[in-house]
Amino acid sequence: MMLDTLTRFSRRAFLAAGLLMAPVLMQMQAAHAATPAEAWVSENIQRGLAILNKRQAPAARRDEFRTFLLGLIDINRVALYTLGAGRRSATPQQQSEFQEAFKDYAEAVYESRLLQYSGQTLKITGSAPGKPNETIVRTVLVDPHDSRSNEDPLEVDFRITDAGGHFQVLDASVAGIWLAILEHDDFDSFLGQNNDSVPLLIQHLRKLTRDLQK
């Protein structure tokens, strides 16, 4: 299930997956004149960096970071997509509860895990049109302390949508694996092993969130 994602990716890959959803202690380097979507990616990396480097109480940082995160991605759309087949059996109330649990879990995962990393750099290599109103921004992960890893850098792509005049993140790809699609499959697996119980999935997400926040 999705919750095995942390172990299914290497630490380096997991870092890259969260760079835009939780841009912590990182820097963005532009390799060329940026398109609007590329410039937006770079700007928001720096905004997230500023938030998580502030000297403030953890609760205050979490609140500010959550607000930033929810403004950065279309979290409700992503959450419902990852719920997959569970949407057919979930009541409107359960869908709403799942969305809230997913928001809390996403914030907890990226804050707690990505604060461990520093010194990594994303280098924009270009962008290409995706579906209508979407752009795929391509980057590679560069480690200034490990020249050998830079000989074959990890590719990290971001699927960006223009939502009514402002950009939002829909998904991130690490080495060709789109994470929302992976989570969708993981949730379907969890539901298949638990009698399609969306309430059980919600409980599981909440427990994982509590564990991370400890």
message: Please report the interatomic distance CG(N44) to CD1(I160), rounded to the nearest 0.5 Å.
response: 9.0 Å
task: Could you list the residues that satisfy side chain to side chain contact (heavy atoms under 4.5 Å, CB included) with N194, not counting sequence neighbours?
output: F190, L200
query: Is it the case that E100 and S96 place a side-chain donor and acceptor less than 3.5 Å from each other?
result: no
statement: For S127 and V137, the nearest pair of non-hydrogen atoms, with its separation, is CB-CA, 4.1 Å
task: Could you tell me whether the side chain of V41 reaches within less than 4.5 Å of the side chain of E38, counting heavy atoms only?
output: no
query: Are L70 and V78 connected in the hydrophobic side-chain network, where two residues link if heavy atoms are under 4.5 Å apart?
result: yes
- request: Decide yes or no for I75 and Q99: does some side-chain heavy atom of the first lie under 4.5 Å from some side-chain heavy atom of the second?
  value: no
statement: What one should report as the nearest heavy-atom pair of T82 and A180 is CG2-O, 3.9 Å
message: Between T135 (side chain only) and A128 (backbone N and O only), is there a donor and an acceptor less than 3.5 Å apart?
response: no
- prompt: CD of E155 to CD1 of I177: how many Å apart, nearest 0.5 Å?
  reply: 12.0 Å
query: Within a strict 4.5 Å, meaning less than it, do heavy atoms of the T209 and F102 side chains meet?
result: no
- request: Check whether any side-chain heavy atom of T139 lies under 4.5 Å from a side-chain heavy atom of T125, and answer yes or no.
  value: no
message: Show, in sequence, the C-alpha distance, side-chain angles and deciding distance for W40 and L72, and conclude whether the side-chain contact (heavy atoms from CB on, under 4.5 Å) test is met.
response: CA-CA 10 Å; W40 183 83; L72 189 67; 3.5 Å; yes
query: CD/Q203 to CD/E97 distance, rounded to the nearest 0.5 angstrom?
result: 10.0 Å
task: State yes or no: do L182 and L170 share one hydrophobic cluster built from I, L, V, M, F, W and Y residues joined by side-chain heavy-atom distances below 4.5 Å, directly or via other members?
output: no
- prompt: Who pairs with D104 by salt bridge (Lys or Arg N to Asp or Glu O under 4.0 Å), at least two apart in sequence or on another chain?
  reply: R66
- request: Using the test side chain to side chain contact (heavy atoms under 4.5 Å, CB included), find all partners of A39 that sit at least two apart in sequence or belong to another chain.
  value: A34
task: Determine the minimum heavy-atom distance between Q95 and L83, stating which atoms define it.
output: CG-CD2, 4.5 Å
- prompt: For P199, which residues count as a side chain to side chain contact (heavy atoms under 4.5 Å, CB included) partner, sequence neighbours excluded?
  reply: Q94, S197
message: Quick one, V156 and R138 - any side-chain contact, counting heavy atoms below 4.5 Å?
response: no
Spacing of CZ belonging to F158 relative to CD1 belonging to I124, to within rounding of 0.5 Å: 9.0 Å
task: Show your working on side-chain contact (heavy atoms from CB on, under 4.5 Å) between E64 and T67 and close with a plain yes or no.
output: CA-CA 5 Å; E64 185 174 0; T67 299; 5.8 Å; no
- prompt: Is W178 linked to F187 within one hydrophobic cluster, defined over Ile, Leu, Val, Met, Phe, Trp and Tyr using a side-chain heavy-atom separation of less than 4.5 Å?
  reply: no
message: Could you measure the distance from the CG atom of D188 to the CD atom of Q193? Nearest 0.5 Å is fine.
response: 11.0 Å
task: Could you list all the salt bridge (charged side-chain N to carboxylate O under 4.0 Å, His left out) pairs where at least one residue sits in residues 201-210, not counting sequence neighbours?
output: K207-D211
- request: Calculate, to the nearest 0.5 Å, the distance between atoms CG and CZ belonging to N133 and F167 respectively.
  value: 10.0 Å
message: Membership question, hydrophobic clusters at under 4.5 Å side-chain separation (ILVMFWY): are I136 and Y81 in the same one?
response: yes
- prompt: Is there any side-chain hydrogen bond (donor to acceptor under 3.5 Å, both in side chains) pair reaching into residues 157-175, and which pairs are they, with sequence neighbours excluded?
  reply: E134-R159
message: For Y105 together with F98, are the ring centres under 6.0 Å from each other?
response: no
